[in-house]
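Residues: numbered from 1 along the sequence shown. Quick note: numbers below take in every heavy atom, side chains included, and nothing from hydrogens, waters or symmetry partners.
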Amino acid sequence: VAPISGLFAVGFLFLSGILFNYFTKRKLAFWGKNLQLSERNRVKCVQEALESLKDIKLRSCEEYFIKRYQVDNSLAADYLQKNTWLQAAPRILIEILAIFAIMIIALGLLIKGSENLVPVLALFASAAFRIMPSYTRLITSLQYMQNSFVVFENIVALSQLKGEDR
């Protein structure tokens, strides 16, 4: 129907997804690393408190462990909130960009004087409606992988340490 317009729309959405991924990659890795560190500190704090519960009660230092846990808990919640927000952003961004692309295609077809403007726009709108959920899942999965890469690196490091112990 309109191959140039189709290539433009696909290229525009693909390029915007790559740019979004490029600009968010470092932040996601940083937040993932800090989230894992906060989670590790939370678990460590609870383990230490449970292991020395008797000493904590005798010395009346419960407040120290509670505050330490709350700091790590609030940090973990903050990083998790940022990750969740950034992983929800691609859907909104892709929808806005799809509308923008359809508007540019409509403008191009109007300037060209195309008589089949409505069918072409309907075709692009229905294609965008079908493709956007898959494209959003793809970008969200890439973000999740980048966010979880720190955990993967730690698992590899632990397995190498266990391999050296044998």
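For the atom pair CG (Leu7) and CZ (Phe14), the distance works out to 13.0 Å, reported to the nearest 0.5 Å. In this structure, Ile94 CD1 and Met132 CE are separated by 8.0 Å, a value rounded to the nearest 0.5 Å. Note: Lys82 NZ to Asn34 CG = 9.0 Å, rounded to the nearest 0.5 Å. One distance of note links CD1 of Ile99 with CD1 of Ile104; it measures 12.5 Å at 0.5 Å rounding. To the nearest 0.5 Å, atom CZ of residue Phe100 and atom OG of residue Ser16 are 10.5 Å apart. With values rounded to the nearest 0.5 angstrom, Leu28 atom CG is found 8.0 Å from Asn21 atom CG.
Counting heavy atoms from C-beta on, the side chains of Ser134 and Arg137 come closer than 4.5 Å.
Taking the ring axis of Phe23 as reference, the NZ or CZ atom of Arg26 does not stay both within 45° of it and closer than 6.0 Å to the ring centre.
Only one option out of Leu15, Leu142, Leu86 pairs with Phe20 in a side chain to side chain contact (heavy atoms under 4.5 Å, CB included); it is Leu86.
The minimum heavy-atom distance between Tyr135 and Leu13, with the atom names listed, is OH-O, 2.5 Å. The shortest non-hydrogen separation linking Glu48 to Arg68 is OE1-NH2, 2.8 Å. Closest non-hydrogen pair, Leu75 versus Ser38, comes out as CB-OG, 3.5 Å. What you find for Pro90 and Thr140 is that their closest heavy atoms are CG-OG1, 4.4 Å.
Connection of Phe30 to Leu35 is established within a shared hydrophobic cluster, with ILVMFWY side chains joined at heavy-atom distances below 4.5 Å, either directly or through further cluster members. Grouping the Ile, Leu, Val, Met, Phe, Trp and Tyr side chains by contacts below 4.5 angstrom, directly or via other members, places Ile139 apart from Tyr22. In this structure, Phe12 is a member of the same hydrophobic cluster as Leu121, with clusters built from ILVMFWY side-chain heavy atoms closer than 4.5 Å. Under the 4.5 Å side-chain contact rule for hydrophobic residues, Leu50 and Phe65 do not share a cluster. One hydrophobic cluster holds both Leu110 and Ile102 under the rule that ILVMFWY side chains link at heavy-atom gaps under 4.5 Å.
Partners of Asn83 under the side chain to side chain donor-acceptor pair (under 3.5 Å) rule, at least two apart in sequence or in another chain, are Asn147.
Residue-environment remark: CD (Gln81) stays at or below the threshold of 12 foreign heavy atoms within 6.0 Å.
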